[in-house]
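Quick notes on the structure that follows.
Order of listing sets the numbers, starting from 1, for every ligand and every atom in it. What you see below is based on every heavy atom in this structure, not just the backbone, and it leaves out hydrogens, waters and symmetry mates.
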Amino acid sequence: MRAEAVLSFFLILAPSLSGFPGFFSYLSAPSEEEVIGRLDEDVILPCSFKNGSEVVIHWKNQETHTIYSYFKGSDHLEKQDPRYTNRTSLFHAEIHNGNASLSIRILRLLDEGIYICYVGTASGKTTKKVVLKVGAFVTPVMKYEKRNMTSFLTCSVRSYPHPSITWQGDETPISESTLEEIESSGCFHIYSTVNITGSNSSYECAIENSLLKQTWTGQWTVKDGLHKMQSEHISLSCQPASNISLPNQNFRVTWSRVESGNSSILAYFLSSSRNTIINEPRFSWNKELINQSDFSLTLRDLRVSDSGEYLCNISSSNYTLLTIQTLHVEPSQKREIWKILLPVMILVIVIVVILVLLVFHKVPASRRFYRFCRAWDPVSTDENARNTENRVSHFLYQTISSIRMLP
Ligand SMILES: *[C@@H]1O[C@H](CO)[C@@H](O)[C@H](O)[C@H]1NC(C)=O
Ligand SMILES: *[C@@H]1O[C@H](CO)[C@@H](O)[C@H](O)[C@H]1NC(C)=O
Ligand SMILES: *[C@@H]1O[C@H](CO)[C@@H](O)[C@H](O)[C@H]1NC(C)=O
Ligand SMILES: *[C@@H]1O[C@H](CO)[C@@H](O)[C@H](O)[C@H]1NC(C)=O
Ligand SMILES: *[C@@H]1O[C@H](CO)[C@@H](O)[C@H](O)[C@H]1NC(C)=O
Ligand SMILES: *[C@@H]1O[C@H](CO)[C@@H](O)[C@H](O)[C@H]1NC(C)=O
Ligand SMILES: *[C@@H]1O[C@H](CO)[C@@H](O)[C@H](O)[C@H]1NC(C)=O
Ligand SMILES: *[C@@H]1O[C@H](CO)[C@@H](O)[C@H](O)[C@H]1NC(C)=O
Ligand SMILES: *[C@@H]1O[C@H](CO)[C@@H](O)[C@H](O)[C@H]1NC(C)=O
Ligand SMILES: *[C@@H]1O[C@H](CO)[C@@H](O)[C@H](O)[C@H]1NC(C)=O
Ligand SMILES: *[C@@H]1O[C@H](CO)[C@@H](O)[C@H](O)[C@H]1NC(C)=O
C-alpha cells in the first residue's frame, strides 16, 4: 500500500522532475523485477548479491510463506510451502559467484505473485523483489465446418490471461458467438464462431495474448468454383497472403476434402523436412512451385465423383490459412453419347428378339432353322439359301426316319 502511494507520487511528479537526470537514474534502478513465465514451463527468478562468507538465502512469497531456505552450506526445506515441493532449486554451484536465483519448474497459474529474496552474508544484506506473471497460449486452431447447409468457422484457443479475439469478414468487423470454459488449471478455453454468409469471400480471426505479447492470425478464403470435364486435369490453388513470410518458420500444409463430418487428408507437406506425402496417386505437387510457397495441387484424370470442396491448410505457430476450392466435374461428351445410345440399343435388341420369337412360332422347324441361319448370314444368296433349306430338311427327314427304324 505504502509502496504504491510512493510510486504514484513519483509518477505524478515525474514529468515536472524530468529535468533532474540524477533523479531518473535512481528511479530506473530496478527495485523490483518482472518475470513472465509460461504455464507448464520452467522459470528462473533472478537474485544476485555481493559474495561473502556465511551465505544465508531465504525466498518467501507475499504471504511470507517460506519457499526456499539455504544456510550453513545446505538446503533447509522443512518449512517449504507444500505447493512448491519438488519444483524448486537454487544453483548451488553459482552461489559463491553471488547468484541466489531460484528455479521453479512446471509453472502453475497459482505461482503468480510477488517473491522476495533475502540474502545475508558476513559482510552485508540484500533484498530483491521479483514479480512473477504466468501466461499460457496454446496455438489456436481454426476449423471450417458445414452442418445442415450452414457453413461456419470456429477459432479456438487456450489462453491465460483472457485473450482478445477479433473477427473481420471481407475487411469489415463482424460479430461472433463465443463459448467460454475455465479449465481446472485456470486457463481460458474459448471457442469463437462466425457464420459464413454467401457474400463474404474471406474471414480473418486475430487472437492476442497481451501478457505474452503473442498474436495468431487465422484466415479463410474461398476461391471461385472450378468447372471441368471428366478425365481432364485441374490445378487446385493455394498460396499464403503475400505479406506473410513463411520461409523462416516451420509450417505444415495439408490438402483435404471437405465432407460432412469427415475430411480425409489427400496430401501434406512439412517445411522442416521438406517432405511431401500424397495419399492418392492422381494428385501431385509441383516441387518448383513449393519452393516459391505455392502449394497448388494438380489432380489428373478427373472423375465425376471428384466433385466437391477441397481445403488447403497452411499452418505455422502464429498463422493459419484455410483456402477452399470447389470443384465440379461434368461427365464428358463420350459418356453423354453412351447415355443416349444405350437405351436405343436395348430397344433394338428387344424388338429383334420379339420378331425372332414371332417368326419361330409360325414356321415349321426346318424353316425356323433356315431363317435363323439366314439371319446370321445375310450375304448368302437366295439360291444358296434354298439349297441350305433343302439340305437341312433332307438331313432332318433322314435322322427322324433312322430313329423310327430303331428296334
Ligand atoms: C544464476 O545461475 C543460473 C544458472 O547458471 C543462470 O541461468 C542465471 O542467469 C544466474 N543468475 C544470475 C542473477 O546471475
Ligand atoms: C566467495 O566467497 C567465499 C567465502 O568468502 C570464497 O571462498 C569464494 O572464493 C568467493 N568466490 C568468489 C567467486 O569470489
Ligand atoms: C518429491 O520427490 C520425492 C522423491 O523423488 C517423492 O518421493 C515425493 O513423492 C515427491 N513429492 C511430491 C509432492 O511430488
Ligand atoms: C490445419 O492444420 C493444423 C496443423 O496441422 C491443425 O491443427 C488444424 O486443425 C488444421 N485445420 C483444419 C481446419 O483442418
Ligand atoms: C437441420 O435443419 C432442419 C430444418 O432446417 C432441422 O429440422 C434439423 O433438426 C437440423 N438438423 C441439425 C442436425 O441441426
Ligand atoms: C449462425 O447461424 C445459426 C443458425 O444457423 C444461429 O443460431 C447463430 O446465432 C448464428 N451465429 C451468428 C454469430 O450469427
Ligand atoms: C459479411 O457478413 C457480415 C455478417 O455476416 C455482413 O454484415 C457483411 O455485410 C458481409 N460483408 C460483405 C462484403 O458481404
Ligand atoms: C497482410 O495484409 C492485410 C491487408 O493487406 C492486413 O490486413 C494484414 O494485417 C497483413 N498481415 C500481416 C501479418 O502483416
Ligand atoms: C469417416 O471416415 C472413416 C474412415 O475413413 C469411416 O470409417 C467413416 O464411416 C466416415 N464417416 C462418415 C460420416 O463419412
Ligand atoms: C529451391 O530454392 C533454393 C533456394 O531458395 C534453391 O537452392 C533450390 O535449388 C530450389 N529448388 C528447386 C527444386 O527449385
Ligand atoms: C510469426 O512468427 C515468426 C517467427 O517465428 C515471425 O517472423 C512472423 O513475423 C510472425 N508472423 C506473424 C503474423 O505474427
Does ligand 4 have an atom that lies less than 4.0 angstrom from a heavy atom of V141?
-> yes
Counting heavy atoms only, which part of N97 comes closer than 4.0 Å to ligand 1: side chain, backbone, both or neither?
-> neither
Kindly say whether the aromatic ring centers of F188 and H162 come within a distance under 6.0 Å.
-> yes
Minimum non-hydrogen distance to atom 2 (O) of ligand 4, winning option of I265, L153, N313 | N313
Polar proximity ligand 4 side, R252 side, N/O cut 3.5 Å exclusive = yes
In this structure, atom 13 (C) of ligand 3 is nearest to the protein heavy atom T85 CG2, 3.9 Å
Would you say T254 has any N or O atom under 3.5 Å from an N or O of ligand 4, going by distance alone?
-> no
May I ask you to list the atoms of ligand 3 that are less than 4.0 angstrom from any heavy atom of N86?
-> 1 (C), 2 (O), 3 (C), 8 (C), 10 (C), 11 (N), 12 (C), 14 (O)
Test of ring centre spacing under 6.0 Å for W255 and F283 | no
Could you tell me whether N99 and ligand 1 have an N or O pair separated by under 3.5 Å?
-> yes
Electrostatic pair D306:K228 at N-O distance under 4.0 angstrom = no
All heavy atoms of S317 vs all of T139, minimum pair found to be O-CG2, 3.6 Å
